[in-house]
Amino acid sequence: MTTYDERASHGAPPAPAEPGGAAGPAAALTATAERVRRSVESVIEGKPEVVRLALTVLLAEGHLLIEDVPGVGKTMLAKALARSVDCSVRRIQFTPDLLPSDITGVSVYDQQRRDFEFKPGAIFAQIVIGDEINRASPKTQSALLESMEERQVTIDGHTYELPSPFMVVATQNPVEMEGTYPLPEAQRDRFMARVSIGYPGPEAELRMLASHGALSPLDDLQPVAHAHEIGKLIEAVRAVHVAEPVLRYAVDVVGATRQHPELRLGASPRATLHLLRAAKAAAALAGREFALPDDVRALAVPVLAHRLLPTAQAQLGRRTAEQIVVDILRRTPLPDPFGRQPPGARGL
Amino acid sequence: MSGRSRLAVCGVLATLGTACAMLPLVERTVWILQAALLLCVQTAVGVAARRVPLARWLTVAAQALVVLLLLTLVFARERAVGGILPGPDAFEEFGRLLRQGVDDVGRYAIPAPATTSIRLLLIGGVLLVGLVVDALAVTFRGAAPAGLPLLALYSVGAGLSKGSAGRLWFLIAAAGYLLLLLAEGRDRLARWGRVFGGGAAGAPAGVAAGLAAGGGPALAPVRTGRRIGALALGLALALPVALPSIGGGLLAARGAGEGPGSDGGTISAVNPLVSLQNSLNQPENRELLRYRTSAPSVQDLYLRIVALDRFDGASWRASERRITDVPDPLPTPAGLTTGVRTARIGVSVAASDGYGQNYLPLPYPAERVRVPGQWRYEPEGRALVGDHGQTTRGVRYQVAGLLVEPTAAQLAAAPAPPEQLLREYTRVPPAMPKVVAETARKVTAGAADSYQQAVKLQDWFAASGGFRYDTEVRSGSGPDAIARFLEEKQGFCVHFSFAMAAMARTLGIPARVAVGFTPGTPQPDGTVSVGTKDAHAWPELYFEGAGWTRFEPTPSRGTPPEYTVAQAPSAPDPGVPAPEPGRSRAPQPAPSADGGCPPELKKVDGCGGVVRLEAGGSSGGTSPLTLAVVIVAALAALLLPALPHLWRRRACARRLDGRAGPRPLAAWRELTDSAWDYGIPPDDSLTPRMAAARIVRDARLAGPHAEAVGRLATAVEQTLYAPSPPPAGATASADVEAARAGLRASAGRRARVRAVVAPRSAVRVVWACAGFWAGVRSAARARLRRLIPRSRPFP
């Protein structure tokens, strides 16, 4: 087990936001998000949509599961995101011998005080990087359940609040399955989104060789946003307006996963909540004060696919959960723009 | 047998079956055996070539080569190299035979003798069609198109033969084609592998499934195919009997004659008896011709089609006559001298598209005819005959002719006709019943000359003889037909004209029967309409000086000529009771303007022609209501195509001025509809911004046009999903205009025209109407349900 504090000894403070500027608070928040995004993108070349999704999950107060083959930059993405924000960061290398107490913490008897003293585990940070999460035993994986969902840890009857913002960025390798423990459904459901980074394009790979050949890009990475700025961003996301047709559309999409003949397990109500929060975050990132059906559509695959269990027939037919979600999106009717006209207005 | 071999065999059978339609064209039918043998060889070559396998076009080429060798062997052996290889001499021989064949076709009537040249035409044609069928159906695997060459072959046979056994040939040909289609379907089915045949009763599964192998009983799909084929054949044979048609009669393309020849050919007409009766008995009077004339009165403007001059004792037929090119002007009519008064008239005739007749209806005597198409002239009957299938269908032509107006005195004083003419046109067969000549003598007793005899005959038929006009009477044939008519005294124009011409001949007056039309019904616009009910036959008697002169013995049809009326007896024969007017089928006559209706004809409604003239004139006035209806209908017809455009303009105006709902939404609807008009259909599965991106992409919009589309989409999103709607502004209309300008600029000319003239989005009107109607229906149903409470069972 390896845990270490990655809190950067920040030299220069991040560029301040522009509160009350001419463009207003919304523009200032957008600018902050944009700085974080650029900072992460300077490390992860040619994958703007992945970076954007990671940021969306951060602002939506969710947790991110990065699933891909080794060497494509899973850990790099997690670390870049963590370093770009000036907050406490901890990295947990999940191994088979990792114990739950290593994550949550442990109460040690202090002989001088004749009392138990709580030693916080690695989870007590604002951004927690869980590397190779599927290598830990299910027991250890389960230690994350409470902390991820309720943002608290309960040990020996005492509940300890986790800092805010709090985000778990876990990585796992879908190819190397030997000696791993697939994440249980409950655990998967707690991740707001799953993302695959994928191989970079030839141009991006060339740029990566040129810029990262000598030293790690993380070394030069400086935080570009304070934790409290991220907190403001999260507040702004919470304030994003979601119209009733968009809510209904999100519910329809998630509901369709529960009736789809190729799915053994549909998405939970928590998934609906996550989808909506992610849609709000995406709207805020786009500088909008309201969410659109487009946001729901764009996030449906990363938010829903990892929670779904295809039937045996669908698996035999090589149908992936992603394909099924795309299929559901195609079949679910969008809100009709002309269906909510005021009385008296005529369609023609 | 493999699928392809079966197809090839079916191709041969289909070709031979279709070739059977040509059997009636030639006297001896041995040629079909020769054709069958050569066709089999040709097909065998194709089967072998496909088995090698050769390339497709090589297969066809090999078959064509073998066909050439076979034809050389059969038709040009003496001129071939080594008796089989076609050299230049052989090709020369083929050319000679083909030219001669074309000549023979023109020379001989059907059935023609099977001369070598005609056989070459027949066998070569069948082999050629067989080759095309084989290539299409087997080599290129398309049995359905192979029907076209088969149809061509069948059309030749069916078009030229008299059609006596047309149904049989049709049955054989159609069965052959269906066989081919079935074989192809079976072959195609077999390519899928084993076919489960359902209940192949008693057959072992292996046999039943052996469709590809071709053995075993017929499988369900094949059986179904056969049943469908048999049903289609049955319907094709039975339906024409039940359907009303004017085809096949005198008025059809081959009604009055067949086989128009080429240079120096001959022409003969079929018996028009049955066909004329068919025309008269048509349920409705269909217009066949419409003409305009310079003649002051159309009363005597009979239009002749053909003259029947050969009398065999039972009926009249047209002799075989030589035909020539149409001279200009036509020769002077036989027997017409300058002493007789004539008036020059001009007639412009337009034949309807449904009237296909290969004789040109002409007034008699015509002097000049200006007619497009291939027409030839038969001098004896002064008729124009269509050549190479030329018919009157849709033909417009002008005729300059004469109205011959001899006086009774001139006819009475006519000298004896030329000897040859007298001999030819007074010939009666010895088998003719004696009663005809006896009646003629009895009726004309006391007449001083031929003219008096003719007038007495006409009057006897038309008035005093007690004859009744009836088109339902069986036409009758055989030697006793005329005698029976004289006894029963019921018939229609054919009977009257035949009988009068025959009786005139027994009296030594040269006579023949003309077939054509009565003058027709004048229309308000000055034209005269001639319909199926105007079909008519009348006798023509020859008087030296006046030539062939028309008489009208048929009561209630046509008008008797002036020269017979003037000399008619002033009072009817007191011994003849006046028939009741109601007995006739013709309308009650009204007094004519020129008073040309003699009393004895009035008794039997003999002034039908005059009546029709008057009726036509009086019906010229149009009531104001009719006029209004016509004008409204015409306006509606003009307005109808403009409706989509008009609706589009209205909808656009309503949407842009905010009357059609919130402005961004209405503007968005207008934008999507405009894009639809330019070929980008709306897609409900797209969000506004996706739809906007699609419009920009598909219409290749750029710059301000694309920005306008984007702004509209954003406005829609704000309206629909933002907590507060966007500030109302007039930019939406401007954006729509900008986007439409971009769409217009990027569209092609055709798309632009269509967007204006026939906008696609106008279909929304139909949808709206359908929605409205569905709403009305459901509301009515709900109300009805409330009115009629459901009956409840007793507790």
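Side chains are part of it too, since the values below use all heavy atoms of this structure and drop only hydrogens, waters and symmetry mates. In what follows, chains carry the letters A, B, and so on, assigned in the order in which the sequence lines appear, proteins first and then strands, with residues in each chain numbered from 1. Here the structure is a predicted model, which is why all the values come from computation and not from measurement.
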> Can you name the closest pair of heavy atoms from B:L686 and A:L334 and give their distance?
Replying inline: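 Smallest heavy-atom distance, with atoms named: C-CD1, 3.4 Å.
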
>> Quick check: closest heavy atoms across A:E289 and B:P723, and the distance to 0.1 Å?
In response: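 In terms of heavy atoms, the two residues are closest at O-CD, 4.5 Å.
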
>> Please classify the contact of A:R297 with chain B as side chain, backbone, both or neither, using a heavy-atom distance under 4.5 Å.
In response: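 Only the side chain of A:R297 comes within 4.5 Å of chain B.
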
Take atom [atom1] of [X] as the centre, draw a 6.0 Å sphere, and report whether it contains more than 12 heavy atoms from other residues, nucleotides or ligands.
X	atom1	result
A:R331	CZ	no
A:R38	CZ	no
B:R649	CZ	no
A:R248	CZ	no

> Roughly how far apart are B:Y721 OH and A:D294 CG, rounded to 0.5 Å?
Replying inline: 7.5 Å

> Roughly how far, to the nearest 0.5 Å, is the CG atom of B:D684 from the CG atom of A:D336?
Replying inline: 7.0 Å

